[in-house]
Amino acid sequence: MGAVDTTGSLTIPLMKKVGYEKNTAGAIEAAASTGGQIMPPIMGAGAFIMAEVTGIPYSDIAIAAIIPAILYFVSIFFMVDFEAAKLGMKGMRKEELPRVSNMVRQVYLFVPILILIVALFMGYSVIRAGTLATISAAVVSWFTPYKMNLRRVYGAFEIAGHMSIQIIAVCACAGIIVGVISLTGVGARFSNLLLSLADTSQLLALFFAMCIAILLGMGMPTTAAYAVAASVVAPGLVDLGIPLLTAHFFVFYFAVVSAITPPVALASFAAAGISGANPLKTSLASFKIGIAAFVVPFMFFYNATLLMEGEWLHVLRSGFTAVFGIFLLACAVQGWFVGNCASFIVRLTLAAAAFLMISGGLITDLVGLGVAGAVFILQKIVNRESIVASA
């Protein structure tokens with residue numbers, strides 16, 4: 001929600017200016033800002049908690065998150081692009097865009113971020129990496145018109161102190177909830193429930209785990225939502241035989257997307273406040289735009305190569321076919337294919353092809369490609385006949 005407040009004040013008015021409706025503009029900002037928490041190399045605070053809870057190095061978690069994060073943001077790009085195409089929108093004029101030469105001259109501003117990334121991947125602790133990045137940020141400011149003197153440095157630490165108090169309070173409350181869950185044995189009972197559901201259907205058990213993770217995250221910051229869900233849902237998934245990293249990633253993703261899941265979608269509500277739109281309509285629109293986030297966890301559960309596990313050739317093939325599947329899913333959701341509106345039957349067929357493409361098997365990929373190719377040819381024929389008839 002903080003990311004929405006920070007960047008939304010700039011991006012939402014700009015999107016409204018180029019022609020997006022206020023509900024859509026707020027939804028795009030909410031979905032994109034929420035996805036920042038699953039985007040390596042610098043993910044949300046929940047990823048650092050995952051590293052502490054699981055004992056898996058943060059660098060391994062960041063590497064595993066690359067393809068799922070790409071799928072999420074590629075989906076948002078397709079959804080936004082198709083929305084613009086349906087509305088007949090045009091891009092910004094050349095004179096309205098920033099000059100590349102000016103941006104290149106200011107590339108040194110990214111030095112603190114690069115130092116943070118390198119320090120994390122070198123195995124430094126989070127505190128040490130953050131300290132080095134903070135010091136470098138002050139040094140970099142000396143080469144800008146906004147030099148940080150001692151007074152500005154003190155002010156920055158004061159702001160950081162206020163922000164850390166909020167995080168500490170959230171984590172403390174989450175710790176209390178986790179403690180209560182452990183003492184009452186709710187976590188163990190939930191694990192037994194998942195095991196009993198898995199006897200009927202493993203997919204049903206995963207769907208139930210998804211619902212619980214989202215419900216636990218509603219109205220809570222992502223860090224606290226993951227901390228609670230990791231103590232309740234993740235152990236049950238591990239008991240099902242799911243690898244530790246996959247189980248925690250599954251929970252983490254749904255804890256993140258709870259911020260854009262109606263009816264309680266904090267990120268969407270914050271974006272609606274900036275755009276002046278209806279909060280519920282904005283949350284529904286953000287749910288639609290971020291729909292891939294509800295599919296990606298099931299993808300890497302059934303296809304571990306999407307978490308960079310396995311041979312590179314298999315990883316690349318799974319990544320490319322998954323991206324194409326996400327493209328087909330966006331076409332089905334938005335009802336836009338081959339430059340024209342798609343009928344209900346076409347949308348259903350594209351959705352079926354999408355799920356075949358993202359399941360990870362070679363045969364299902366080939367079948368999905370075949371179905372998509374057939375729909376493409378039929379859509380081209382229909383479009384040509386409609387052009388001839390109108391002429």
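Since the model is a prediction, treat every value here as computed from it, not as a measurement.
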Over all atoms of both residues, closest heavy-atom pair of A271 and A30: CB-CB, 4.2 Å

Same cluster (ILVMFWY, side-chain, under 4.5 Å), F301 and I67: yes

For the student: nearest non-hydrogen atoms of V333 and R347, plus distance: O-NH2, 2.7 Å

W312-V323 co-clustered via ILVMFWY side chain contacts under 4.5 Å: yes

Min side-chain heavy-atom separation V251-Y226 under 4.5 Å: yes

N/O donor-acceptor pair under 3.5 Å between W142 side chain and M148 backbone: yes

Set of residues satisfying side-chain hydrogen bond (donor to acceptor under 3.5 Å, both in side chains) with respect to S136, sequence neighbours excluded: none

M308 to I63 - nearest heavy-atom pair and separation: CG-O, 3.3 Å

Within 6.0 Å of NZ in K17, more than 12 heavy atoms from elsewhere: no

Side-chain touch L204/F208, heavy atoms, less than 4.5 angstrom: no

Note, F249 side chain near I61 side chain (heavy atom, < 4.5 Å): yes

Contacts of V80 that satisfy side chain to side chain contact (heavy atoms under 4.5 Å, CB included) - sequence neighbours left out: Y20, I28, I76

Shared hydrophobic cluster, V111 / F143 (ILVMFWY, side-chain heavy atoms < 4.5 Å): yes

pair L284-K288: side-chain heavy atoms closer than 4.5 Å: no

Check: A138 main-chain N/O paired with S141 side-chain donor or acceptor under 3.5 Å: yes

From OG1 (T246) to CG (L240), nearest 0.5 Å: 12.5 Å

A64 to P68 - nearest heavy-atom pair and separation: O-CD, 3.5 Å

Gap between atom CD of Q334 and atom CD1 of I289 - 0.5 Å precision: 7.0 Å

Single-linkage hydrophobic cluster, 4.5 Å side-chain cutoff, F73 and F77 together: yes

Closest non-hydrogen atom pair between P13 and G8, with its separation: CD-O, 3.4 Å

Flag side-chain contact, heavy atom, 4.5 Å: M43 against F252: yes

Whether F78 and F82 hold their rings parallel, tilted or perpendicular, with breakpoints at 30° and 60°: parallel

Cluster overlap I113 with Y124, hydrophobic side-chain contacts below 4.5 Å: no

For the student: nearest non-hydrogen atoms of P235 and A230, plus distance: CD-O, 3.0 Å

Mutual orientation of the aromatic rings belonging to F337 and F327 [parallel < 30°, tilted 30-60°, perpendicular > 60°]: tilted

D365 vs F324, side-chain contact (heavy atoms from CB on, under 4.5 Å): CA-CA, chis, key distance, verdict: CA-CA 10 Å; D365 286 345; F324 188 67; over 6 Å; no

Flag, side chain of N278 to backbone of K281, donor-acceptor distance under 3.5 Å: yes

Any donor-acceptor N/O pair, K16 side chain to A25 backbone, under 3.5 Å: no

Y72 and Y253 aromatic centres sub-6.0 Å: no

Straight-line distance of M50 CE to D60 CG, nearest 0.5 Å: 12.0 Å

Residue pair I242 / F250, side-chain heavy-atom distance below 4.5 Å: no

Reported CD1-to-CD distance for the pair I260 and E29, which is rounded to 0.5 angstrom: 12.0 Å

Parallel, tilted or perpendicular: rings of F294 and F254 (30°, 60°): tilted

T321 side chain to S318 backbone, donor-acceptor under 3.5 Å: yes

Min side-chain heavy-atom separation L206-L237 under 4.5 Å: yes

Interatomic distance, L306 atom CG to I70 atom CD1 [nearest 0.5 angstrom]: 10.5 Å

From CE (M79) to OG (S286), nearest 0.5 Å: 10.5 Å

Min side-chain heavy-atom separation W336-C341 under 4.5 Å: yes

OH/Y108: more than 12 non-hydrogen atoms of other groups inside 6.0 Å: yes

Heavy atoms from other residues, nucleotides or ligands near CD of E309 exceed 12 (cutoff 6.0 Å): yes

